[in-house]
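Notes follow once the structure below has been shown.
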Protein chains: 2
Amino acid sequence: MNLKELSQILGLSQTTVSRALNGYPEVGEATRRRVQEAAAAHHYRPSTRAKGLATGRAMAIGHVIPVSTRHEIVNPVFADFIAGAGETYAAKGYDMILSVVDDDREARTYRDIAAKRNVDGILVHGPELNDPRIALLTELGLPFVVHGRASGVALPYSWLDVNNTRAFRRATDFLLDLGHRRIALVNGLEEMDFAARRRRGYEAALLARGVAPDPALMRSSEMTENYGHEAAAEMLRLPDPPTAFLTASMISALGVRRAIEDAGLKMGRDVSIVTHDDDLGYLRNGDGADPIFTATRSSVREAGRLAAAMLLELVADPDRTPRSRLMEATLVVGQSTGPAPQQAQAALSQRR
Amino acid sequence: MNLKELSQILGLSQTTVSRALNGYPEVGEATRRRVQEAAAAHHYRPSTRAKGLATGRAMAIGHVIPVSTRHEIVNPVFADFIAGAGETYAAKGYDMILSVVDDDREARTYRDIAAKRNVDGILVHGPELNDPRIALLTELGLPFVVHGRASGVALPYSWLDVNNTRAFRRATDFLLDLGHRRIALVNGLEEMDFAARRRRGYEAALLARGVAPDPALMRSSEMTENYGHEAAAEMLRLPDPPTAFLTASMISALGVRRAIEDAGLKMGRDVSIVTHDDDLGYLRNGDGADPIFTATRSSVREAGRLAAAMLLELVADPDRTPRSRLMEATLVVGQSTGPAPQQAQAALSQRR
DNA sequence: ATGAAAGCGCTAACAT
DNA sequence: ATGTTAGCGCTTTCAT
């Protein structure tokens, strides 16, 4: 069923039918109702391509997900972010187009997307410190919003980020309040902007208390359980081992926990863990925190919703000045928090 | 840069330029080269929508990902599957359109997708035992491939699945070979076809050895760490507790492990775990198995690649008879396999 | 081997 | 309040 057929059935012109369906005011109320009913009855839906061609708008947003051929893993937080963004798009009648791309050839992909004109805007994932995509997309004139930020880029652009610096500063403070002084950081890859920010928050908290950051207690790699396990195991073998671990994800935290257990230590008595939970609900305990962890938590799904909404506004008015939004993570205190749990709770309620 | 502009620059008609670029034989070799060079120089890419409108093909495949508003979680295996499918699409010049949809309103979504005509085919995720989508899509005449199967559906359709029955039968056999008789099954939601198959494999193995499946040792729920923990904890409190656990995912396996440790038992000495790893590489130990687990493993990314390829063939020839493909999972033996590891290794090498 | 023209399904000026 | 007409950027007959 297309517009032509529908208008013939109704004995109206395509124009009138189109106007009735798109809410133009000059159409009579009776006519509009009649048209709407017929459209519903015949399951009429306008062809996206034809509409796009006529309006010049694609009614679609592109997400480029970088994938490396080396490890067959896709960052699982993408899934939640995309689910959130998808909700927004669905509500506004937009499609979401995913391009899976080898992380090396990304530039070409963005050029192609711009030239093919099948999206009205792009959501940029996983920015690095000096991410070249921001300059590229600016040059191409394609509206975009970055999930995260690129600290090294001077251009103005729109972004939405979690306040990673603050989250990790707060988590470190929490451990310091408990009396910990040897706090290890099991961080993500530091080419990633978010990881660099996390480290800055961690270091700032230490320095503010006069504790010198110890390179032997800082690791950076891709977040796997195994990485968490190895990193923690090695650090626990140091002459002056850490009494607490700050990890950048629940997954690595699980590895850290395993290392602690392997070493014959007791979680929460001998050693503490604070982790950052990017909404990996599978690892959460219902609505509360996992009882064995204390975690800073941000809602990736909500971030997806909001970032998509920002992008749609930008698409509607491409000349608007770039906007940004910083989401705060919450600190959720679990059961076994280390030397002095009571003290921890007090410190926490203060900080809220 | 569009076709009109490009053809004016070249002093040729749009027709000739189009033919040159699309490999039609009647174009002179010299002309073709000249056109191709100009196209490359000006970064010309045909507009997807215009091309689609003219050819009647969308050059896009739809994936509908069901999301519940209750739990803010997206099944993480989707990400890997989609990454695999995306590779295939990119290689063949197809776009991938993702629709995120509340799991209740799915039928309407498929109707809309068909009516909007912006995809040439659909990949169906997470089939239930009697999945209504198969009949719906057949009726709509939209080519589709199912990732998984719907055992209750009689219609012929194309699918790609992992041999879950065999994987779980083999895993159960493995535990039986080790001497276990009280084997618990911590399964996924049994409305899901794959979970039902897994249970069948488990039961078949038990029955073949004359061990009666005990309902007290069988659980079914959504795969979270917490679920694994609770299920295992309760079972371990039984008067006749299990000596081995068979779990349907690495995530729930982590919960099971925690319950085992909570109970003061030693993994691999007192109790064993065999899990099914759907490629959640974050939880894997490099290329080998996690040393504490024994797992059946399937490559979700590869499944995505293959399913997408099957769908593209179907799109090219919608009248071809449905085809199916069954992927085998491998059994990977970890370190601590229970009462008699040596025996396990022997049993395994036999079974390969 | 190349071009002119029609048409894919829709929207948006421009009538009336 | 409704209709006529001209595109949007491409492919595809049909001529030449």
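Predicted model, so just to flag it, every value in this text is computed and none were measured. Every chain is numbered from 1, with letters handed out A, B, ... down the list of sequences.
In this model, the phosphate group of dT2(D) is approached by a side-chain N or O of Thr31(A) to a distance below 4.0 Å at OP1 or OP2. In terms of phosphate contacts, Ser13(A) brings a side-chain nitrogen or oxygen within less than 4.0 Å of OP1 or OP2 of dG3(D).
Rounded to whole Å, the distance from CD on Glu26(B) to P on dT2(C) is 10 Å. One interatomic measurement links the two molecules: OH of Tyr44(B) to C1' of dT11(D), which rounds to 10 Å at whole-angstrom precision. Atom CD of Glu5(A) is separated from atom C1' of dC10(C) by 13 Å (rounded to the nearest Å).
Here Arg19(A) lies in heavy-atom contact (under 4.0 Å) with a base. Gly56(A) comes within contact range of no nucleotide atom at all, as no heavy-atom separation falls under 4.0 Å.
When the nucleotides dT11(D), dA12(C), dC10(C) are ranked by their closest atom to the side chain of Ser47(A), dC10(C) comes out on top.
Between the side chains of Ser18(B) and Thr15(B), no donor-acceptor pair of N or O atoms lies under 3.5 Å.
A donor and an acceptor atom never sit less than 3.5 Å apart when one is taken from the side chain of Thr15(B) and the other from the base of dT11(D).
Residues Pro25(B) and Met1(A) each lie close to DNA chain C; by heavy-atom proximity, the contact nearer the 5' end of the strand is made by Pro25(B).
Atom CZ of Arg57(A) has 12 or fewer heavy atoms from other residues, nucleotides or ligands within 6.0 Å.
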